[in-house]
Amino acid sequence: MENIITIDEQMIPFKTGQTIMDAAMEAGVYIPHLCHNPEFEPHGSCRVCVVKVNGRMMSSCTTKATAGQKIENNTPELQENRRCLTQMLFVEGNHVCPGCEKSGNCQLQAVAYYTEMLSPRFQHFYPYRELDPTHPDVIIDFNRCILCELCVRASRDIDQKNIFAMSGRGIKAHLIINSPTGKLGDTDLNVNDKAVQVCPVGAIIKRKQGYMNPIGERFYDQAPIDEMGDIAEPHAGAKHHD
Amino acid sequence: MSALETAVSKDGLKRVVIEPVTRVEGHGKVTLLVDEQHQIQQARLHIVEFRGFEKFIQGRPYWEIPVLVQRLCGICPVSHHLAAAKAVDQIVGVKQLTATSNNLRRLMHFGQTLQSHAVHFFHLASPDLLFGFNDDVSHRHILSVIAEHPEIGMQGIQLRKYGQEVIKAIAGKRVHGNAAVPGGMNKALSKEDHAFLLKDIDQIIAWSQGAVDLIKKVHLNNRQFHYDFARIETNMLSMIREDGALELYHGGLRARKPNGETIFDHLDYCNYFNVIHEEVRPWSYMKFPFIVSEGTEKGWYRVGPLARVNNCDFISTPKAEQERQIFKELEQGKPVQSSLAYHWARMIEALHSAESIKELLLDERTMGNDLVTTGEKQFEGIGVIEAPRGTLFHHYQIDDNDLITKANLIVSTTNNNQAMNESIRQVANQYLSGRELTEGLLNHIEVAIRAYDPCLSCATHALGKMPLLVEIVDEQGEQLDSLYKNSQGDISRA
């Protein structure tokens, strides 16, 4: 059988070993996602990329493409699920887009626009989280972390530094810093490390860049995320993970 | 200070409440205590909303502040944006912006002042001025102005729109954009935006002149009434340019007594806390600032267009200067103290803003690309600016990690707190006392407040300092219990 899947009745070719997400990205079909970045091993944790594969809910970033799969992606049901997940992320942290320097360059915000999120829907948790401002070039704002673990993967797999990790379970899961004090300033993080570049939201920010990127010239000012793709890797194309 | 601030005894007094105060920004209410002979015994303007910006920006990086604090207000966010940006300039050790950044900030600020003044005069105040304070409430609003004076209504809308377009060209959005960054601006003005703004500016100046002519006519047609209404004799505080000209963006502080005598002049605003203190009173969320040397009784003052046009020696643009001279004739060169003259002064400033926008658009430095300057980090920054409603103070301190540790904001409307209260007491005495209260008479109180163009939402940011009274009442409205927290945080059973 030919290496073809259909996504929303569009025929998409794939290479052996590719995931549904890989094939879709290569074909220019947008499947919303937050924890996925084609440069890294799929994580499958944000669940925003869940599609229906032959009628079953599967995360597209971790499910291998198999010839003949009939995949539903852009359907009202799935969009509603994705909107709901996005809303949960928004209320779980403190995501204040109007004041955030990542606004316009933020994948969470862009997915919220894409899924037509108009309200938080759920009650805000308003967790109390402090910033880690101890590093001379980078600040971590834990209020905005969505636990995608991209910084964990980048620091471990590319920077070879293992600076970030997750701690706690379930609702208590949170990002921690691997240093004697638990502070970023006591690590050997460099502002040019991959871990600093991959954050899809405003959790890891470079100091003193702030709002230098004016409104109208920000990444998602140009077009919605289904046309622009990821901020961290806008035109990455798909990669094999096998 | 008027005796009507607190009634001698509240026994037997009827409480009349105007809530909400309409056609102002934010939410406030007025309470009147009236005796059986309809004499007003107490009149207070209360600000009933509560913000908290000074507290919740603590712990944030300093470069976020201009964008965060502009959310205080939807009418004059540019003022907060720029006041905070000026403070942040000091934090990054920048004393002098590039000529282009300076021009762009001024341009945006004039756009802001023009649109804000237009909103107030046309949308909020003109129904009173054109139809009378006693006009039927169902008719006394902007839609009637548009229906019956379509040209005036249209000009008001167009003036506001133009001001908003100036802001959008520089900050990317009409409301809550971002433009000022530490030590400068983040974007040059595009040729397209420049051409777009220049195309209409002569018409905007003409309409602004028309607005001055309109309020001048309204004022002079009923001169004595305008002279007397809500009149109080006050100190005036404003920013002033080095040569004494009207200044809205950067300069020293000038304070004058009611008779025009100088209290201080060209004062470096970084020393504002030595000359201005704030008093907290148990019945309002809004603080009461006063000039230290004059004391709490006599030290309160007015800010905003009336104070600025009174205080300056001249205005740098020709049409506005001509109008200032006519305005000053009202009281033979002495400070004009009529509260309703705020409207007139406001339109003179709108005209000055329109003229200044043209000057800046024609200044080739405005189109430059050299936008950001750097310096050596400081741990404290103070930014002061003349917002449309008056002098606005932003004061921040940061720690070694660049996070805000302390913030103090004295917002324009807060400066006018005592003055607004005194004005409504004056109106209550003159027009309401001894008469059966009607909606039209109560509107006189609102007209007095409206003259100041207060932004009540901006002005209520005191956190942790404001007194609080909690009352528990049963279904019949009978009070069961009450607790009172004073400004020191002590709680007692009231």
Side-chain angles (χ1 to χ4, degrees), chain A residues 93-106 109 113 124 126-144 177 179 181-187 189 191 199 201-222, chain B residues 53 56-72 74 77 80-81 84-85 88 91-94 104 108 167-190 192-193 371-372 374-375 377 398-405:
Chain A
N94 295 309
H95 299 278
V96 189
C97 296
C100 180
E101 64 188 81
K102 199 70 185 274
S103 183
N105 292 315
C106 171
Q109 184 189 45
Y113 276 122
H124 280 280
Y126 293 124
Y128 179 73
R129 294 180 188 160
E130 288 188 338
L131 280 68
D132 182 342
T134 54
H135 193 277
D137 302 315
V138 175
I139 285 184
I140 296 201
D141 188 343
F142 294 103
N143 292 292
R144 303 170 183 159
I177 314 292
S179 75
T181 57
K183 297 289 183 189
L184 200 60
D186 293 323
T187 68
L189 182 83
V191 69
C199 181
V201 293
I204 302 180
I205 50 176
K206 294 177 191 169
R207 276 178 187 272
K208 296 174 185 170
Q209 291 205 340
Y211 306 85
M212 287 304 292
N213 197 195
I215 293 171
E217 295 175 21
R218 301 170 306 182
F219 191 67
Y220 294 115
D221 286 338
Q222 300 164 54
Chain B
F53 273 76
F56 66 67
I57 59 173
Q58 288 177 15
R60 301 303 311 175
Y62 69 77
W63 57 85
E64 283 188 358
I65 299 308
V67 172
L68 282 181
V69 295
Q70 67 173 340
R71 294 277 168 174
L72 266 164
H80 289 289
H81 185 62
V88 169
I91 286 173
V92 296
V94 170
L104 288 173
M108 181 162 70
I167 296 166
K168 186 185 170 212
I170 296 166
K173 284 166 69 184
R174 290 176 187 85
V175 183
H176 299 143
N178 66 54
V181 292
M185 297 288 277
N186 67 5
K187 186 167 73 86
L189 184 62
S190 75
E192 294 75 29
D193 285 333
L371 296 173
V372 177
T374 54
K377 178 183 164 180
I398 64 165
D399 63 13
D400 290 334
N401 290 318
D402 295 341
L403 304 188
I404 300 285
T405 54

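Per chain, numbering begins at 1; letters A, B, ... match sequence-line order.
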Among B/Asn178, B/Leu68, B/Asp399, B/Val181, single out the residue with the greatest number of heavy-atom pairs under 4.5 Å to chain A.
-> B/Asn178
Side chains of residues 209-216 of chain A: which donor-acceptor partners sit under 3.5 Å, not counting sequence neighbours?
residue  : atom : partner  : partner atom : Å
A/Tyr211 : OH   : A/Gly99  : O            : 2.4
A/Asn213 : OD1  : A/Asn105 : ND2          : 3.1
A/Asn213 : ND2  : A/Glu217 : O            : 3.4

Which region of B/Val69, side chain (C-beta onward) or backbone (N, CA, C, O), has a non-hydrogen atom less than 4.5 Å from a non-hydrogen atom of chain A, or is it both or neither?
-> neither
May I ask you to test the B/Val92-B/Tyr62 pair for a side-chain heavy-atom distance under 4.5 Å?
-> yes
Rounded to the nearest 0.5 Å, what separation is found between the CD1 atom of B/Ile57 and the CD1 atom of B/Ile65?
-> 4.0 Å
Hey, could you give me the NE2/CD distance between B/His80 and B/Gln70, rounded to the nearest 0.5 Å?
-> 9.5 Å
Measuring from B/Ile398:CD1 to B/Thr405:OG1, what's the distance to the nearest 0.5 Å?
-> 8.0 Å
Do the non-hydrogen side-chain atoms of B/Pro61 and A/Lys208 ever get within less than 4.5 Å of each other?
-> no
Interchain contact, B/Ala171 with chain A, by part (heavy-atom threshold 4.5 Å) = backbone
Could you please state which residues from residues 135-144 of chain A sit under 4.5 angstrom from chain B, measuring non-hydrogen atom to non-hydrogen atom, sorted by number, or 'none'?
-> A/Ile139, A/Asp141, A/Asn143, A/Arg144
When you measure from the side chain of B/His176 to the backbone N and O of B/Pro77, does any donor-acceptor pair fall under 3.5 Å?
-> no
